[in-house]
Amino acid sequence: MKKTSKLVLLTSFISILSAFAASPMMDTSKVILASGIKSKTPTLSTEEKIVANFKKENNIFLKAIARRESSNDYTIVNKWGYMGKYQFGRSTLDALGYSHITNEEFLSTPFIQEEAMMKLLQSNKYILRREIRRYSGTAVNGVYITESGLLAAAHLAGPGNVKMFLKDNINVRDGFGTSLVNYLDYFSNYKITI
């Protein structure tokens, strides 16, 4: 009886592994089970590894911005009314399509804050696409320019102010005195895919 239940369990296990191995997105490699039976176990495909790495790199960048903006606090509101982990203003949220979300809902819903940040980065990247192509890897007014630095600076001061800096060397500051150049420099070494 014990041999039969072990055999059924082993057969079930092999069937499950085979189902994973048959997945079109998975590479497989041989593994020897304790019983000596060869089976296939799933490993990440090259595409899945690339996607996982991009997510990891983006998360490192986002955590660094959140650390500077709010010490990673989803519930914080500063004295100018900027809210959440990434310190969003109400007008920015409305422009991104969140006018139906109250400030309280925004502050209590981390998913919305993360989604809003991705939308803002994508929007800023589109607005700054020519500047990213033209200036990335160069120095402007003594500041090394990268895509991550440009997107961080646009988060701080807006994409229009980033364009003014690149064109006319106008370096704006936020209410705390943090300059656009500070963000260009501080966030210049991140690999991102937005």
Side-chain angles (χ1 to χ4, degrees), residues 50-99 101 103 106-107 109-194:
I50 290 169
V51 168
N53 189 48
F54 285 152
K55 286 180 181 178
K56 179 182 175 188
E57 296 292 343
N58 286 345
N59 285 337
I60 292 169
F61 175 69
L62 290 171
K63 284 180 183 180
I65 288 180
R67 192 171 37 254
R68 286 291 298 266
E69 292 288 317
S70 72
S71 298
N72 288 299
D73 186 347
Y74 285 107
T75 63
I76 196 167
V77 179
N78 75 14
K79 64 183 178 181
W80 293 282
Y82 290 90
M83 303 176 289
K85 184 176 177 180
Y86 302 105
Q87 293 293 279
F88 275 92
R90 184 75 249 174
S91 61
T92 301
L93 288 173
D94 292 346
L96 290 172
Y98 294 98
S99 57
I101 301 292
N103 292 354
F106 181 74
L107 289 168
T109 314
F111 173 80
I112 293 173
Q113 292 186 40
E114 297 297 336
E115 180 183 65
M117 185 60 176
M118 288 308 295
K119 283 184 177 183
L120 180 64
L121 288 170
Q122 290 167 345
S123 173
N124 287 341
K125 182 173 180 173
Y126 179 77
I127 293 166
L128 294 170
R129 65 193 180 281
R130 290 180 187 94
E131 289 75 13
I132 291 168
R133 277 194 307 269
R134 181 175 178 189
Y135 294 104
S136 287
T138 68
V140 175
N141 302 311
V143 179
Y144 184 67
I145 305 298
T146 65
E147 179 179 349
S148 61
L150 289 170
L151 293 178
H155 177 69
L156 177 76
N161 285 321
V162 170
K163 288 181 178 191
M164 285 193 326
F165 169 77
L166 294 170
K167 184 179 176 195
D168 300 320
N169 195 25
I170 297 171
N171 182 19
V172 300
R173 296 178 182 275
D174 72 0
F176 292 108
T178 306
S179 73
L180 183 147
V181 167
N182 177 270
Y183 266 46
L184 282 170
D185 181 51
Y186 187 84
F187 292 101
S188 66
N189 293 316
Y190 290 88
K191 295 178 183 176
I192 56 170
T193 43
I194 304 297

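Both backbone and side-chain heavy atoms feed into the values below; hydrogens, waters and symmetry mates do not.
Residues Leu128 and Leu150 come closest through the heavy atom pair CD1-O, 4.0 Å. In terms of heavy-atom proximity, Ile101 sits nearest to Phe106 at CG2-N, 3.6 Å. The shortest heavy-atom contact between Ser179 and Leu156 is O-CD2, 3.5 Å. Here the closest heavy-atom approach between residue Tyr86 and residue Glu114 is recorded as OH-OE1, 2.7 Å. Across all their heavy atoms, Tyr144 and Thr146 have their closest contact at CE2-CG2, 3.3 Å. The minimum heavy-atom distance linking Ser70 with Gln87 is given by the pair CB-NE2, 4.2 Å.
Just one residue in the list Asp73, Asn72, Leu62 forms a side chain to side chain contact (heavy atoms under 4.5 Å, CB included) with Arg67, and that residue is Asn72. Test Arg129, Lys125, Arg134 against Glu147 for salt bridge (Lys or Arg N to Asp or Glu O under 4.0 Å) and you get one pass: Lys125. Considering Leu180, Ile170, Leu166 in turn, Leu180 is the only one that fulfils the side chain to side chain contact (heavy atoms under 4.5 Å, CB included) rule with Asn161.
To the nearest 0.5 Å, atoms CE (Met83) and OG1 (Thr75) are separated by 12.5 Å. In this structure, the separation between NE2 on His155 and CG on Leu120 is 6.5 Å, given to the nearest 0.5 Å. Taken from CG in Leu151 to CD in Gln122, the straight-line distance is 10.5 Å, to the nearest 0.5 Å. Interatomic distance, CG of Asn171 versus CE of Met164, reported as 10.0 Å (0.5 Å rounding). Note that CG of Leu121 is 6.0 Å distant from CD1 of Ile65, once rounded to the nearest 0.5 Å. Rounding to the nearest 0.5 angstrom, the gap separating the CG atom in Leu93 from the CD1 atom in Ile112 is 9.5 Å.
In this structure a side-chain-to-backbone donor-acceptor pair under 3.5 Å is present from Gln113 to Lys85. Side chain of Ser136 to main chain of Ile132: a donor-acceptor pair is present (N/O by atom type, distance under 3.5 Å, no hydrogens or angles).
Heavy atoms from other residues, nucleotides or ligands lying under 6.0 Å from CZ of Phe111 number 12 at most.
A donor-acceptor pair shorter than 3.5 Å cannot be found between the side chains of Glu69 and Tyr82.
You'll find the side chain of Val140 reaches within 4.5 Å of the side chain of Phe165, heavy atoms only. Side-chain atoms of Ile145 and Val143, non-hydrogen and from C-beta on, do get closer than 4.5 Å to each other.
Every residue meeting the salt bridge (Lys or Arg N to Asp or Glu O under 4.0 Å) condition with Arg90, not counting sequence neighbours, appears here in chain and number order: Asp94.
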